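See structure below.
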Amino acid sequence: MIKKWVYRELPPADKVAALSTAINVNNFLSSILLQRGVNSFEEAKNFFRPAIEHLHDPFLMKDMNLAVDRIEKAIRQEEKILIYGDYDVDGSTAVALVYGFLREIYPDVSYYIPDRYHEGYGISEKGIREADAKGIGLIISLDCGIKAITQSELAESLGIDLIICDHHLPGSKLPAASAILDPKQDGCAYPYKELTGCGVGFKLLQAYCQQSNLDPKLLFKHLDLVVISIASDIVPMTGENRILAHFGLKVITAGPRPGIKALMKISGFSKVDISNIVFGLAPRINACGRMDHANGAVELMLAKTDEEATQMAELVDGHNSDRKKNDQQVTREALSMIDSDVLLADACSTVLYKEGWHKGVIGIVASRCIEKYYRPTIILTQIGTKLTGSARSVAGFNVYKAIEKCRHLLDQFGGHKYAAGLTLDVNNFKEFQEMFELAVAESIKDEQLQPELVIDLTLDLERLSEKFFNILRQMEPFGPENMTPVFSSKHLEVVGRPRVLKNEHLKFSVRSKKGGRIFDAIGFGLANFFEELAAGKQFELAYCIEESEYKDKKSLQLRVKDIRFVAILKEHEVTR
C-alpha cells in the first residue's frame, strides 16, 4: 500500500534562528523542537531535563481528597481492601503498582483481575460477589469502572465502597462510588488529561504519600511499572507521561525488579527503551490475559526472587508463543474473507466474525487487517449467541463515535478514538455491519483511507553525524506527539548491491550522489522495493536515525520507513 508522505510545516525562520541561538544547536534541531511545542530556553530545559518536581499536585484531580480519606479510613479501621484491575498491560501494571505499594504498609490487601473469557472487560458482577464473600470493605478499581453503573449499584447494595481510577471517557451517567478519579470526567480541573490507568493509580498513591507524610521514594521505585503502561497503552508522550516515562526508564536501568529483569532476558534485551517495551515486553505481558489469565503477569511483576521471576517469565513467554500462532491463523482467515467478498473489498470499513476465533487475538488481528486494508476495522468472535470483539481505527478517524451511532444494536461498548471493545447479539450482526459501514462512509475523508508517513524535515544525507544523533537521542522517550523524528533525503545512490533478508527485509548501503559518508540502511518489510533499487532507479528515502552495534563497534544506521522512486514522488506528497 502506497503511503502518503506528509511533510510537517517548517516553523518561521526567525523563531528557528532565535531558538538555535538560545540553546546553541543547529537550525534543523531547532525546527524539530519547535514542531514539538518547544519555543524557548526554559521550555527546552524542561524538555531535555524532565524533573519529578514538575509533576502536578495530585489533589488537583477531582475527588482525590475523598479517595485518600477513604483509604486512610479503611486502614485505620482495618478493613479488607481489594485492588481490581483490567487484564491488559495497563491494568496489570496498575494492579502490581497499587497492590505492591499498599501491601508494604498495610497487610490486609488483595487483588483481583477478571477473566477475559468468563467475565469480560471491567468490573464484573462475579468480582463484586467474590469480594462480598471475602468481607471486602473497599474496592479500588484501576483502568476500568467509569461505566460500571449496575456493578457499582450492586457493590453499594452489599455495603462495599468503590474508588474508581480510570482514564477512559465517561458515559452520560457516572457510577456510584466514594470517589471517581478520571481526568476526563466533567468538572475535573486536573491539568493533564492523558494519563494511563496505571498513571491515575500512581497519582492516587502520590496523594496518599503527601497526606500521610510518607517518603515519596517509597513510591518512585515503582515507576518502572508506570513507564511500561505508558509505552504499551500508546498514550501521548507529553507532559506528565513524559516525566513519568523518563524516570521509569531510569528505575529499570538502575536495577530492574526480578520480573522485569527476567522478561528482558527472555526477550533478548540487555537494556530497555520505549521501543523494546512496545515490541518485546508488552506483547508478553499482554499474552497472559489474552491466552490464559492476567494474574500470571501480575505475579511476574511482583516476583521477589530471580528464580520465581524466571519461572513466571517462561510461562508468560509460552503464552506469547501461543498468541503468535493464533494471531497468524486468524489473520490469514480474516484477510481471505475480505479478499473473497467483493462488497467487503470495496467498503470503507471491515466488520467480520467467525465462531472459534480466539478472543485474545482479535484486537491484534484488527490491526493486521488495517495494514493491508487501511480502514476502520472490527473483528469479532462468536461465543454462544453473542459476538464480542475489538475495533481499531486509522489516523484521524474516531471509531468510537462511529460505533456509538450503532449503540441500539449493542449490548455494551467502550473505548476511545482509536480503539474500542463491543458486544452484540449474533442476530444483530448484519444490521450492525451495514450501519457501521454507513456511519464510517458518511464521516471518513478520502485521505484518511490512505496511510500517512509524517516527515519532520528534509535533510542532505551528509548533514548526519554522531553529534546530531546524540542530541536527537536526548529528545527521548519517544511516543505519540513526540515521535522519533523522521527525515527524508533526495539525490541518493546505492553503494554495492541491495540484499533481501528472510524474504521480507531490505538491507543496503547508501550515500549522497555528491559523495561523502556511506550509511548502512535497513527497511523491515520493504523487500518489495528490491528490484527497482537494484535497477538503479532514482529514489528518495524516508528514515529514522539509529545506532547499530556489531562486535562492540557502534555506527549510525538508517531505519528506512519508505522509499519513493521519481515517477511517483509528486503524486504522494503533502505539506501540513
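What you see is a predicted model; the values in this text were computed from it and never measured.
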I'd like to know whether Ser548 forms a side-chain hydrogen bond (donor to acceptor under 3.5 Å, both in side chains) with Ser555, so could you lay out the CA-CA distance, the side-chain angles of the two residues, the decisive distance to 0.1 Å, and finally the verdict.
CA-CA 5 Å; Ser548 174; Ser555 61; 4.7 Å; no
How about [X] and [Y]: do any of their side-chain heavy atoms sit closer than 4.5 Å?
| X | Y | answer |
| --- | --- | --- |
| Pro114 | Tyr87 | yes |
| Phe539 | Val494 | yes |
| Gln557 | Ile522 | yes |

Any donor-acceptor pair under 3.5 Å from Asn482 side chain to Met475 backbone
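Present.
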Does the side chain of [X] come under 3.5 Å of the side chain of [Y] through a donor N or O and an acceptor N or O?
| X | Y | value |
| --- | --- | --- |
| His168 | Asp182 | no |
| Arg257 | His222 | yes |
| Tyr543 | Ser489 | yes |
| Arg323 | Asn320 | yes |
| Trp357 | Glu333 | yes |
| Asp233 | Thr196 | no |

Would Lys324 and Asp322 satisfy salt bridge (Lys or Arg N to Asp or Glu O under 4.0 Å), going step by step from the backbone distance to the final call?
CA-CA 5 Å; Lys324 286 180 182 178; Asp322 292 342; over 6 Å; no
[X] atom [atom1]: more than 12 heavy-atom contacts under 6.0 Å:
| X | atom1 | result |
| --- | --- | --- |
| Lys417 | NZ | yes |
| Lys265 | NZ | no |
| Lys561 | NZ | no |

Please name the pair of heavy atoms, one in [X] and one in [Y], separated by the smallest distance, quoted to 0.1 Å.
| X | Y | value |
| --- | --- | --- |
| Gly197 | Asp90 | N-OD2, 2.8 Å |
| Ser20 | Asn27 | OG-OD1, 2.8 Å |
| Ser232 | Val89 | OG-CG1, 3.3 Å |
| Gly396 | Gln448 | O-NE2, 3.0 Å |
| Pro283 | Val278 | CD-O, 3.3 Å |
| Glu240 | His56 | OE2-N, 2.9 Å |

Salt bridge (Lys or Arg N to Asp or Glu O under 4.0 Å) for Glu466 and Arg517? Distances and angles first, verdict last.
CA-CA 12 Å; Glu466 278 70 18; Arg517 183 172 177 176; 2.7 Å; yes
Sidechain N-carboxylate O distance under 4.0 Å for Glu447, Lys4:
no
What I want to find out is whether Glu547 reaches Arg473 closely enough, with some N-O distance under 4.0 Å, to be called a salt bridge.
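A salt bridge is present here (some side-chain N lies under 4.0 Å from a carboxylate O).
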Got a second to check how far [X]'s [atom1] is from [Y]'s [atom2], nearest 0.5 Å?
| X | Y | atom1 | atom2 | answer |
| --- | --- | --- | --- | --- |
| Ile455 | Glu452 | CD1 | CD | 11.0 Å |
| Leu244 | Leu249 | CG | CG | 11.0 Å |
| Leu19 | Ile32 | CG | CD1 | 11.5 Å |
| Leu556 | Glu546 | CG | CD | 9.5 Å |
| Tyr192 | Ile243 | OH | CD1 | 9.5 Å |
| Arg375 | Leu449 | CZ | CG | 9.0 Å |

Arg36 and Glu481: salt bridge (Lys or Arg N to Asp or Glu O under 4.0 Å), yes or no, with the steps?
CA-CA 7 Å; Arg36 284 157 169 73; Glu481 298 184 31; over 6 Å; no
Within 45° cone of Phe47 ring axis and under 6.0 Å: Arg242 NZ or CZ:
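Ring-cation test returns yes.
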